[in-house]
Structures are given as C-alpha cells and as structure tokens.
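Presented below is the structure to which this report refers.
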Amino acid sequence: MSEPTLRFPDGFVWGGATAAYQIEGAAREDGRGPSIWDTFSRTPGAVFQGHTGDVACDHYHRYAGDVALMAELGLRAYRFSVSWPRVRPDGTGPVEPRGLDFYDRLTDALLDAGLDPIVTLYHWDLPQALEDRGGWTVRETAEHFAEYALAVHGRLGDRVRTWTTLNEPWCSAYLGYGSGVHAPGRRDAGDAFRAVHHLLLGHGLAARALRAAGAETLGITLNLADVQPADAGSAADAEAVRLVDGLHNRIFLDPLTGGGYPADVLAHVSRIVAPDFIRDGDEKLIAAPLDLLGLNYYAPTYVAGRPGGAGGDAYPGTAGAVEFLPPAGPLTEMGWSIEPAGLTRLLERVAADHPGLPLMITENGGAFPDTGLDERGGVADADRVAYLDGHLRAAHEAIARGVDLRGYLVWSVLDNFEWAEGYRKRFGIVHVDYLTQRRTPKHSARWYQEVIARNGL
Ligand code: FCB
C-alpha cells in the first residue's frame, strides 16, 4: 500500500453514522411505541410518496450482518442512535426491556467486531405520547429525556464510553416546530424557540445525570452552519450573517459552553415571543461540561442583508431583512452546494471561539443519483468519492492549522430513510436494495476502506 500524502494524526477515529428511525424498521416490534416520525410520515404530503420507516433497512433484524460489513470495511467506530420509543414506549412510563435488549446485542456485536460504539440518545424520534403533551415546547419533555437517558446508560454504560445527547437540535426545533418540514410538523416561531430551549435543557439535565452515573465522554452533535456574506464588503450582509449565525449557531454554542444566551439573539427572540420559558438557573444547567462537540457539516449558507428579503422559514424573524442565496453549483442531489472550504472555516471558527473543546465530525457525506455502474453491476459513485475526498482534505487542513479534531464519521454507512425525502435520496457508502434488503458496498466504501487502512489520503 502506498504511503499517504496527507496523514491524519495517530488515533484519529474513522467511522460511520446512522440513526434509529432511518435504518431500523421493526416499527411495531418488541413493544416499541409510536414516535413523531411514525405519525408525520403518515401525514398526507409530509414525506415523499408517503414513505415511512416501518421497514427501512430492516437493521433491527440484520444488525449482525451490518456490523460484520462495517468491520470488513475497517470502520473503527459506529455512531448509532437509540430509539426513545423502543426504550420507553410512551415516553414516561415503564422501560421496555426488549428495546434495551436490542441495543445491548448491538453494542456487544460492535465490541466483538472491534468497533467503538458512539451512542446518540436522541436523533429526532420523540415518543408520540410526549408530543401529545406538548413535545419539546414544554419543559417536562426535557425532564423525561434525562430519565430515559439514564435508563439507556443503566444498560449500556458498562460498555459504551462515548455518549452524545442530541443530534442537531437546530433541526428538531426549527424544522420540527418552525417551518414544519420535519416531525411533528408544527409551524409556530414561538414554539420553535421554546423547543430550542427545552432541547438544550434536556441536554443539560441528561449530561449531568449521565456524568453522575459515570459516563466517560459526554457530548452533543450540532449542525453548525458556515454562514457567509453574499458580498464580503457589505455592512448589510455582515448584519445578516450576524443574525443568521446567532439563530443557527450561537443560540446553541454559547449556552452549551457556559456563556448563556447571547444578548443579541435573546433580543431577537423577545421580539417574537416572551422568553418566559427560560427560568433562572436554566443556563447553568445547560452549561454542563462537554468532553466532545460533534459537528455535522454538509454545505455552507450564504446570506445577504436586504430590506424586503424573503428570509427563511426555518429562521424566525428573518423575513423582510435577509435573503438566503440559492445554493451555487456544483450541487449534491439534495441541492446542497459542495464547498469543502466551508468545513475548514467552521472547524477553525469553533476551535477559536471555544478553545480546549475536542471536536469530531459526526456526519458528513453526500446524496448522489448513484447511476454509475461498474462492469459487475456495482455502484461506481465517483461523485461521492470526490465529495468525501474533498471534505477529508478540508478536515486535514483544519488539523494542520491546529484544530483539535478527533475523528470523522461518514454519513452514512447505509442508504436509508432520508426524512422528508423518503428513500429517494441515497447517502450510503453501501447500497441498499429495499426490495431484497441486499447490501452492496459502493466504490466509495472501498475507497474509504483504503483511507482508513492508510490513515490518510
Ligand atoms: C442530517 C441528519 C441525518 C441525515 C443527514 C443527511 O441533518 O442528522 O439524519 O438525514 O442530515
């Protein structure tokens, strides 16, 4: 094997990521209760062609083969999420041991195969019973989240070292309660901000409880945005950047790292809803010490400051002031721009603003049409290889500039249920035939296998 020209640090964690609702299927098995995504995917018009996660990749039954495949590809870590409604079907009542049994088996299979399990406790599948009582717009949900987190830790804590609480609370809050394109599909700016706060509070309560229970490495995953001005010389665009960056990044980062909510963001929120849901002491609870910050990066965001601008549905209060630029090419199949430099900028910015906080890329990858075939009928996904290669170079550049980046987890190990897009968008490095459930590594999987083996590019 040739020597890499770009080497990653020794011990760099190479892995892949998935999420429960996107791959598990078995939606009504072993006592699992309904989640907001079961309900939402059955809402007419909400998900492409009414696709649901009922069967998905049938990973619930096929996990052993999936773990063996990951081991064959050389992955060292696997980030999966635990389904809250499998563990506590109605969100608050008795724990369902059969739900925990599944994650117990999965954890053992991973460890036996030499993969480090990285657990995400919440990747968007809130028990429907809790949504019926207000969901993330009410404080009790945060408290129930901490109880559920402890139940999972009670079963897996002897083997799982790395725990992350939430995946992308930005999406849960703003897409779930603001623009309504994700479950539960509510559209109310005030509710979006209530959800932001209760998600953060849930993180803080869970992190404290897990720490007390002995969890080793505690973190959270954010989909921070690399927000850039349309015109670097424009004061109006700089102001738009400040507003969007506040709503997307600082509203999470600052309280999580002990700074509390930024004053400018709080002032903006207060113009939309009275922030009486933030109680004394909450910011302290949210600031539970973090050992690791997970970043998911896909594409940059370009904005301009424009009176009368359309704003963004997922950015309450930006209409009339901000214009979001249409993504510039080249684009992935999601219509997201491919700009690896945004990843370097983002990593450097977080490292500069929050020194001493180890970072991990917990998701990065691309959806492409996957129409290229090789002579044996395998998926020749050159565009995905190029996307991943570009972003790994960008990550390496950040490390070279001093960022403490500990690992990279590709999104995703398998093609899967891509939320509102259903199964039509494929992010996997492994192709899934949804009729036969056959898994076939794409060229990107073999390419990634070599990257891991060389620890470099
Ligand atoms: C992220 C989600 C993940 C996946 C990718 C494409 O926002 O965390 O589940 O859908 O986008």
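Indexing begins at 1, ligand by ligand and atom by atom, following the structure's order.
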_Tell me if the centroids of the rings in Trp136 and His197 come within less than 6.0 Å of each other._
no
*Identify whether NZ of Lys or CZ of Arg in Arg424 sits under 6.0 Å from the centre of the six-membered ring of Phe48 and within 45° of that ring's axis.*
yes
*atom 4 (C) of ligand 1: which of Phe427, Phe417, Trp411 has the nearest heavy atom?*
Trp411
*Taking atom 10 (O) of ligand 1 as the reference point, the nearest protein heavy atom with its distance*: Glu418 OE1, 2.7 Å
*His123: numbered ligand 1 atoms lying under 4.0 Å from its heavy atoms*: 2 (C), 3 (C), 8 (O), 9 (O)
*Parallel under 30°, tilted from 30 to 60°, perpendicular over 60°: which one fits the rings of Phe8 and Phe12?*
tilted
*Hey, does Trp419 come in under 3.5 Å of ligand 1, counting only N/O atoms on both sides?*
yes
_Pairwise salt bridge (Lys or Arg N to Asp or Glu O under 4.0 Å) hits with a residue in residues 48-59, at least two apart_ = Arg28-Asp54, Arg42-Asp54, Asp58-Arg62
*Mark up the atoms of ligand 1 that fall under 4.0 Å of a heavy atom belonging to Asn167, in ascending order.*
8 (O)
*Considering only non-hydrogen protein atoms, determine which one is nearest to atom 7 (O) of ligand 1 and report residue, atom name and distance to 0.1 Å.*
Glu168 OE1, 2.5 Å
_Here's a test for you: under side chain to side chain donor-acceptor pair (under 3.5 Å), which of Asn296, Thr221, Asn223, Thr120 qualifies with Asn167?_
Asn296
*May I ask you to identify the nearest protein heavy atom to atom 1 (C) of ligand 1, giving residue, atom name and distance to one decimal place in Å?*
Glu363 OE1, 3.1 Å
*Measure the distance from atom 5 (C) of ligand 1 to every protein heavy atom, then report the residue, atom name and distance (to 0.1 Å) of the closest one.*
Tyr298 OH, 3.3 Å
*Do Phe102 and Tyr63 make the cut of ring centroids closer than 6.0 angstrom?*
yes
